[in-house]
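Scroll down for the structure; my scribbles are underneath it.
Note that the structure is predicted; figures quoted are calculated from it, not measured. Counting convention: from 1, in listed order, for ligands and their atoms alike.
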Amino acid sequence: MTNGFSGVLAKAIAVFVALCSFLFSANARAELGQPRDWQLGFQEAVTPIMRQLTDFHNFLLVLITVITLFVLGLLVYVALRFNENANPTPSETSHNTILEVLWTVVPILILVVIAVPSFRLLFAQYDFPKADLTVKAIGNQWYWTYEYPDQGNLTFDAVMLENDELKPGQPRLLATDNDVVVPVNKNVHILVTASDVLHNWTIPAFGVKVDAVPGRIIRTWFRAEKTGVYYGQCSELCGQKHAFMPITVRVVSDAEFAGWLETAKKKFASLPSESGNEASDVPYKFALNQR
Ligand SMILES: [Cu+2]
């Protein structure tokens with residue numbers, strides 16, 4: 001009975017793992033940075049944090065599947081082996097020290113095994129590497145404003161493109177008129193806030209999701225390792241047009257970024273700095289180094 005059961009369990013796990021790897025490899029073939037039809041699982045990770053998130057998720061999925069199947073197996077075994085017909089005279093045993101220790105200690109060990117990668121990930125998310133670039137994202141009903149405080153306070157709005165404004169290749173409801181442009185393989189800090197109500201700035205492929213809270217600045221970071229265009233959406237219910245304030249981040253080479261900065265500084269207005277002098281990066285860099 002035991003051998004038969006563990007054989008079936010092993011086969012079930014093998015089928016499950018094969019199915020997962022098929023689905024995940026299918027996702028990897030999909031276009032970077034945006035969702036696809038019938039998608040299962042996450043978008044392909046392009047930052048170290050998202051890779052860790054995906055690995056942790058896959059690990060938990062396997063663990064939880066094994067536990068669920070084990071409990072299901074026990075339930076079925078008990079129902080068949082110890083029902084009134086199969087076991088007319090029940091045992092009156094009420095204690096088993098070894099079993100009681102086991103069902104206390106084993107779950108604790110499982111929780112410890114989960115906690116280690118979980119805390120490692122949590123610390124990695126909040127362990128801010130030195131910023132190569134800082135971008136401030138401000139949520140408004142219903143568009144985003146971006147500022148580049150260390151690039152002469154460059155500022156612009158990003159508004160969703162309507163269907164008739166889309167260029168070929170731009171996804172519906174995700175593309176914006178102006179993109180956040182950042183260099184590849186650089187640590188980008190995002191300072192997120194809002195001007196009116198709660199919003200949420202997120203890019204799934206980066207593993208980044210933070211609330212935009214009026215009156216507060218919440219910081220996050222990413223290091224995108226592949227060039228491309230990555231899409232996200234406001235993820236905090238913020239009113240009537242919540243679904244129509246997407247986020248577009250274009251990750252480009254250093255040279256392209258320098259070129260974009262050049263044109264962007266001409267195209268977009270720069271905010272005056274708080275002191276009223278030439279726009280300067282000092283207050284922001286100072287604030288970041290204090291942490
Ligand atoms: Cu919003």
- Is the closest basic N to carboxylate O distance between Asp211 and Arg216 below 4.0 Å? no
- Between SG of Cys234 and SG of Cys238, what angle is found at the Cu ion (ligand 1), rounded to 10 degrees? 120°
- Is there side-chain contact between Phe59 and Val113, with heavy atoms separated by less than 4.5 Å? yes
- Query: Has Met245 got an N, O or S atom lying less than 2.8 Å from the Cu ion (ligand 1)?
  - Reply: yes
- Message: Any carboxylate oxygen within less than 4.0 angstrom of a Lys/Arg side-chain nitrogen, looking at Arg250 and Glu256?
- Response: no
- Message: Between His199 and the Cu ion (ligand 1), is there a contact where an N/O/S atom of the residue lies under 2.8 Å from the metal?
- Response: yes
- Message: Thr47: which residues meet the side-chain contact (heavy atoms from CB on, under 4.5 Å) condition with it, sequence neighbours left out?
- Response: Ile49, Met50, Phe206, Phe222
